[in-house]
Amino acid sequence: MRAYAGVTALEVKDFIESGVLDVSDLYAATGVFIAHNGDLDEEEVEYTLSLVAAEDALDLIDESSGAACVLAFEIPDSNIESMHEMSVTLRAPLKWEEVQCAFLVSDDGEDLTWFATQEIANNLQDWLA
């Protein structure tokens, strides 16, 4: 299942270094969310969830956190403890290997710039500045 977490650049740095990110809930296209948003296609559902995660990331920003980011994950069903309206609760921390891509969030939260997994480390210093 594809899922999204709003994080800061500093959290991304710590995640790269440790290989794990301990979050309990991630935004995901649960059955309830899809049922309530039947007019959206798959790409629109994913974009909507990314924007919700981006709002969370903007709320986390402070003077030392760096930029707001969204990480997209592919979560194995075995790590999903429960599903909610638009999120899932995890059984265990996320692993770096589950990251599918990152988005850099604009200051107003309206634009997301996509980065492939292999580009994240190369851009991290700019995000931390």
Side-chain angles (χ1 to χ4, degrees):
M1 171 177 273
R2 182 63 60 109
Y4 301 88
V7 295
T8 66
L10 185 58
E11 289 174 309
V12 173
K13 178 182 178 288
D14 293 344
F15 187 17
I16 290 172
E17 291 172 357
S18 70
V20 295
L21 180 66
D22 195 5
V23 297
S24 59
D25 292 338
L26 295 171
Y27 294 106
T30 64
V32 173
F33 184 80
I34 292 170
H36 286 132
N37 295 281
D39 57 324
L40 301 178
D41 65 25
E42 184 178 339
E43 188 173 309
E44 291 170 322
V45 166
E46 302 293 334
Y47 182 68
T48 299
L49 293 168
S50 298
L51 287 177
V52 174
E55 290 175 20
D56 284 357
L58 287 171
D59 289 342
L60 297 171
I61 298 300
D62 64 27
E63 61 279 346
S64 63
S65 65
C69 302
V70 172
L71 294 175
F73 297 89
E74 192 61 38
I75 306 299
D77 290 343
S78 61
N79 195 15
I80 297 173
E81 183 174 299
S82 59
M83 291 192 186
H84 312 285
E85 183 174 339
M86 63 186 301
S87 66
V88 293
T89 300
L90 302 178
R91 295 180 194 279
L94 296 160
K95 299 176 197 148
W96 181 256
E97 298 78 34
E98 295 168 325
V99 175
Q100 299 298 300
C101 67
F103 298 95
L104 183 64
V105 180
S106 65
D107 291 338
D108 64 4
E110 296 295 318
D111 295 310
L112 303 176
T113 304
W114 180 88
F115 291 88
T117 306
Q118 62 271 24
E119 296 176 303
I120 297 171
N122 294 338
N123 286 284
L124 191 54
Q125 286 302 47
D126 291 338
W127 301 348
L128 288 166

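Computed from a predicted structure; not experimentally measured.
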Quiz item: Between A5 and A53, what is the shortest heavy-atom contact and its length?
Solution: C-CB, 4.0 Å
Quiz item: Can you name the nearest heavy-atom pair linking L51 to G109, along with the distance?
Solution: CD2-O, 3.7 Å
Quiz item: Rounded to the nearest 0.5 Å, what separation is found between the CD1 atom of I34 and the CG atom of L40?
Solution: 10.0 Å
Self-check item: Distance (rounded to the nearest 0.5 Å) between E74 CD and M1 CE
Solution: 9.0 Å
Quiz item: When rounded to the nearest 0.5 angstrom, what is the spacing between CG in L21 and CD in E98?
Solution: 10.0 Å
Practice problem: Determine yes or no for a side-chain-to-main-chain donor-acceptor pair under 3.5 angstrom, with S65 supplying the side chain and D62 the backbone. | Solution: yes
Quiz item: Same cluster or not: are V70 and W114 linked, directly or through other Ile, Leu, Val, Met, Phe, Trp or Tyr residues, by side-chain heavy atoms under 4.5 angstrom apart?
Solution: yes
Quiz item: Minimum heavy-atom separation for C69 to A57, with atom names?
Solution: O-CB, 3.3 Å
Quiz item: Does CG in D41 sit with more than 12 non-hydrogen atoms of other residues, nucleotides or ligands closer than 6.0 Å?
Solution: yes
Self-check item: Closest heavy-atom pair and its distance - A92, N79
Solution: N-OD1, 2.8 Å
Practice problem: Mind jotting down which residue pairs meet the side chain to side chain donor-acceptor pair (under 3.5 Å) criterion with at least one end in residues 14-38? Sequence neighbours excluded, please. | Solution: K13-E17, D25-T89, Y27-D56
Exercise. Taking all non-hydrogen atoms of both residues into account, name the closest pair between A28 and V88 and its distance.
Key: CB-CG1, 4.0 Å
Quiz item: CD/Q118 to SG/C101 distance, rounded to the nearest 0.5 angstrom?
Solution: 10.5 Å
Quiz item: Minimum heavy-atom separation for V7 to E11, with atom names?
Solution: CA-OE1, 3.2 Å
Self-check item: Hphob cluster co-occupancy, V99 + Y4, side-chain heavy atoms under 4.5 angstrom
Solution: no
Quiz item: Roughly how far apart are R2 CZ and Q100 CD, rounded to 0.5 Å?
Solution: 5.0 Å
Exercise. Indicate if V23 and I16 have the same hydrophobic cluster label, given that clusters are the connected sets of ILVMFWY residues with side-chain heavy-atom separations under 4.5 angstrom.
Key: yes
Quiz prompt | Cluster check L49, I80: I/L/V/M/F/W/Y, side chain < 4.5 angstrom | solution = no
Quiz item: Hey, quick one: are L112 and L26 part of the same hydrophobic cluster, counting side-chain heavy atoms closer than 4.5 Å, chains of contacts allowed?
Solution: no
Quiz item: Which word best sums up how the rings of F73 and F15 line up, parallel for under 30°, tilted for 30 to 60°, or perpendicular for over 60°?
Solution: tilted
Quiz item: Of V105, T8, I120, which meets side-chain contact (heavy atoms from CB on, under 4.5 Å) against W127?
Solution: I120
